[in-house]
Trainee: 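Take this structure, written in structure tokens, and hold onto it; I'll ask about it next.
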Amino acid sequence: MNSENSENKEGLNDHPKVADAANGERGKALHAALEKEEALKTIINHSQIVVFLWKNEEKWPAEFVSENVVNFGYTVEDFISGRVLYGDIIHPEDLNKVEEGLEKRIRAGAPDFDMEYRIFSKAGKIRWVNERTFIQRNEEGEVTHFQGVVLDITERKRSEERLGKVLKMQKILTTVINNSPAVVFLWRNEKYWPSAFVSENVIKFGYTDSDFTSQKVLYGKIIHPDDLKRVEEELDRHIQKGEVSFNSEYRIFTKAGDLRWVSERTFIQRGEDGNVICFQGIVLDITPRKKIEEALRKSLEMQKLLKAIINKSSAVAFLWKNMENWPVEFVSENITQFGYTAEDFMSGRILYGDIIHKDDINSVFESLARSIREGYDSFDMEYRILTGDDSIRWVEERTYIQRDNEGTVTHFQGIVVDVTERKEAQEMLEIQRELGIALNTTWNLQSMLNLVLDACLSVKEIDAGGIYLKDELLDQINLVAYRGLSPEFVKKIYAYRADSPEAKQVWTEKSVYKLSFFAEEMADLLRKEKITAVAVIPMKHRGEIIGSLNFASHTVDRIPQNVRNFLESIALQVVNHIAPIRIEADFI
């Protein structure tokens, strides 16, 4: 054995180049391994991944941590020295979750552990991290260490949180829209306007959203043929003028073939080159309003100057908390139509209950409370609100009552629509109806004139008035009844010769609503009487002017259009009652 070993050693000594070669290969391998380790450290220390080796002890003291732990404000020495234990930097609200999750994986014999939680940086700021760890066991299966990486995911979490808020608001808006009368559309700028999107509440017209988005139904095809060309031309004019919005009223067919009047309010969306890409809009069923307008038109008979009393309404979306005076969590930007901003409500500076008219607030509260007690899912009511400039508007509220899993009401999601013009139209129609009944109960001329004045002065914009009738014998017009005028003013306007400028104004057969229409002397009298707006409506019977209805206001600077229409229809209504009695009185 010894001689053989000696021979072997001698053999090696005889070939020194072989030994040197063996040592060189090992050196190269060691050098390559060290280079690889150094490169790996460089990559890790320039990444967002912090590498840890923790002991399986309380709060996981660290045996190793990569230098880029400085990303959290700490140094390697903070952890290796034991001054900082890893468990100390985990957020207290997450620590138990991490401990329990890790223990569960250990008991299950799992090889790894993965969890997201919060830690504190050295500056005390909260950071979200994702930990992915290998559970290291000895030969007996006992856990000795944890080898893991910790990745900062704070920005991702913030993005997820922002996305969650956006999705929540989107869900709220979708719910509000789908429980409102306003159907939302996104149309492509193509023939007959194919729909890229439509809200689910299009079912109110008998269609499903897929009817439109599948292109089985094109929006232009459901518009009444008599209205389609007009709508196309109006839209084209708005586009050619470079306008950003388009409003129109027209008729559509429901899926069942019924006709409904709608008001369309649309935003014209253009690309960077200015070409129209699509149309974003809402379609609101205004059939009830149109029926009221039709009733008014019939009551005006030959009145050609009648315009719609009820103009386009606008639906304001709200999300209210179920708390005293209904604080607002969300309100759509078009709240500006009532003189407020969305921030006024969402900041809490104004509560919704604050703007409800004091004479209506109790009935609104009681009606809503009754709907909640009786288990209703919705609430509808008309009441008055105060606008930002303290004017009063009538609104219709349509609201979805939102409950939690226990059935407790938490919020109200709804819309508020301005119905002031509709309410005023109904009131004026009722005044006309009652006046017609009253005029049929008397043959006394003075009583009739007083009934007419009383009826017209019940309109809030009018606070003074007089009625002139033509006197054939004296060839003049006389003030035969009046209200709200001073005795001095009445003396100066009591009668006019038929050839006077004032009488000639009546004979023109056109209604007058401008103070500038009057001659300087009359205009001066009106100023002294502090009259700020006038309405002079001639009364014509069988082709002859027999007098005029004259009304004035001391509070408004112009007679509104709906009041003008009302007064002109009154003139048409009463002349057939006054004329026969006036002729009989003249004859006697």
Side-chain angles (χ1 to χ4, degrees), residues 173 176-177 180-182 245 247 249 263 265 267 282 284 286 288-289 292-293 307-321 323-368 379-399 412-428 458-463 532-533 553-566:
L173 289 173
V176 170
I177 289 170
S180 79
S245 61
N247 300 338
E249 293 181 1
S263 170
R265 296 187 171 193
F267 170 68
I282 65 168
L284 188 65
I286 59 170
R289 195 192 84 187
I292 294 174
E293 290 178 357
K307 293 183 179 179
I309 293 176
I310 303 175
N311 292 321
K312 298 174 183 177
S313 63
S314 182
V316 182
F318 276 94
L319 175 65
W320 299 282
K321 296 178 185 176
M323 298 171 61
E324 184 178 2
N325 279 332
W326 307 294
V328 175
E329 281 196 356
F330 170 82
V331 60
S332 52
E333 294 294 332
N334 59 342
I335 186 65
T336 53
Q337 68 184 279
F338 295 133
Y340 303 102
T341 66
E343 180 64 17
D344 289 336
F345 288 94
M346 295 200 297
S347 67
R349 289 195 300 268
I350 299 176
L351 302 179
Y352 188 75
D354 296 337
I355 73 169
I356 298 178
H357 195 285
K358 61 183 178 61
D359 292 340
D360 294 345
I361 184 69
N362 287 338
S363 59
V364 173
F365 175 79
E366 291 168 2
S367 181
L368 178 58
F379 166 72
D380 297 345
M381 190 171 183
E382 293 182 359
Y383 51 85
R384 291 164 293 177
I385 65 168
L386 298 176
T387 65
D389 61 0
D390 289 329
S391 61
I392 297 173
R393 305 296 292 175
W394 274 96
V395 296
E396 179 182 10
E397 177 188 333
R398 300 181 183 180
T399 290
F412 307 103
Q413 299 173 353
I415 62 163
V416 172
V417 180
D418 190 333
V419 294
T420 305
E421 294 183 0
R422 190 193 78 197
K423 295 289 286 188
E424 290 176 352
Q426 291 172 335
E427 291 172 4
M428 291 179 189
S458 65
V459 177
K460 65 180 180 180
E461 289 86 355
I462 299 172
D463 53 29
T532 56
S553 175
H554 297 82
T555 57
V556 298
D557 57 4
R558 61 182 295 275
I559 304 299
Q561 186 62 52
N562 59 337
V563 178
R564 296 182 188 186
N565 293 337
F566 167 73

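The basis for the numbers below is simple: all heavy atoms, side chains too, and nothing from hydrogens, waters or symmetry mates. A quick note: this is a predicted structure, and the numbers were derived from the prediction, not measured.
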Trainee: Begin from the C-alpha positions of Val316 and Gln337 and carry the test side chain to side chain contact (heavy atoms under 4.5 Å, CB included) through to its verdict.
Mentor: CA-CA 9 Å; Val316 182; Gln337 68 184 279; 3.4 Å; yes
Trainee: Mind checking whether Tyr340 and Phe345 have ring centres under 6.0 Å apart?
Mentor: yes
Trainee: Drop me the distance from Ile415's CD1 to Glu396's CD, to the nearest 0.5 angstrom.
Mentor: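 Interatomic distance, Ile415 CD1 to Glu396 CD, rounded to 0.5 Å: 7.5 Å.
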Trainee: Between Thr399 and Phe318, does the side chain to side chain contact (heavy atoms under 4.5 Å, CB included) criterion hold? Intermediate values first, please.
Mentor: CA-CA 9 Å; Thr399 290; Phe318 276 94; over 6 Å; no
Trainee: How close do Val395 and Asp418 get, counting heavy atoms only, and between which atoms?
Mentor: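 Between these two residues, the closest heavy atoms are CG1-CA, 4.3 Å.
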Trainee: Once rounded to the nearest 0.5 Å, what's the spacing between atom CD1 of Ile282 and atom OG of Ser263?
Mentor: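 Between Ile282 CD1 and Ser263 OG, I get 7.5 Å after rounding to 0.5 Å.
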Trainee: Mind checking whether Asn565 and Met428 have side chains closer than 4.5 Å, heavy atoms only?
Mentor: no
Trainee: Okay, side chain of Ser553, backbone of Ala533: is any donor-acceptor separation there less than 3.5 Å?
Mentor: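 No, the answer is negative, given that no donor and acceptor are paired below the 3.5 Å cut-off.
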Trainee: For Ala315 and Ser332, work out which heavy atoms get closest and say how close.
Mentor: O-OG, 4.5 Å
Trainee: Salt bridge (Lys or Arg N to Asp or Glu O under 4.0 Å) for Arg289 and Glu249? Distances and angles first, verdict last.
Mentor: CA-CA 12 Å; Arg289 195 192 84 187; Glu249 293 181 1; 2.4 Å; yes
Trainee: With no hydrogens and no angle check, is any side-chain donor or acceptor of Thr420 less than 3.5 Å from a backbone partner on Arg393?
Mentor: no
Trainee: Got a second to check how far His554's NE2 is from Ile462's CD1, nearest 0.5 Å?
Mentor: 12.5 Å
Trainee: What do the steps show when you test Glu421 against Lys423 for salt bridge (Lys or Arg N to Asp or Glu O under 4.0 Å), and what is the final call?
Mentor: CA-CA 5 Å; Glu421 294 183 0; Lys423 295 289 286 188; over 6 Å; no
Trainee: Are the charged groups of Arg349 and Asp344 less than 4.0 angstrom apart, N to O?
Mentor: yes
Trainee: For residues 351-365, pull every pair meeting side chain to side chain donor-acceptor pair (under 3.5 Å), keeping only residues two or more places apart or in separate chains.
Mentor: Tyr352-Tyr383, Asp360-Arg384
Trainee: To the nearest 0.5 Å, tell me how far Leu319 CG sits from Met346 CE.
Mentor: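 One gets 10.5 Å once the value is rounded to the nearest 0.5 Å.
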Trainee: Once rounded to the nearest 0.5 Å, what's the spacing between atom CD1 of Ile392 and atom CD1 of Ile355?
Mentor: 12.5 Å
Trainee: Set out, in order, the CA-CA distance, both residues' side-chain angles and the distance that settles side chain to side chain contact (heavy atoms under 4.5 Å, CB included) for Trp320 and Leu351, then state yes or no.
Mentor: CA-CA 9 Å; Trp320 299 282; Leu351 302 179; over 6 Å; no
Trainee: To the closest 0.5 Å, what do you measure between CZ (Arg564) and CD (Glu461)?
Mentor: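 Interatomic distance, Arg564 CZ to Glu461 CD, rounded to 0.5 Å: 11.5 Å.
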Trainee: In chain order, what residues pass the side-chain contact (heavy atoms from CB on, under 4.5 Å) check against Lys321, with sequence neighbours excluded?
Mentor: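 side-chain contact (heavy atoms from CB on, under 4.5 Å) list for Lys321, sorted by chain: Met323, Pro327, Glu329, His411.
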Trainee: Which is it for Phe412 and Trp326 under the side chain to side chain contact (heavy atoms under 4.5 Å, CB included) test, yes or no, and what are the steps along the way?
Mentor: CA-CA 9 Å; Phe412 307 103; Trp326 307 294; 3.8 Å; yes
Trainee: Check the pair Glu424, Asn562 against side-chain hydrogen bond (donor to acceptor under 3.5 Å, both in side chains), reporting the backbone distance first and the verdict last.
Mentor: CA-CA 8 Å; Glu424 290 176 352; Asn562 59 337; 2.8 Å; yes
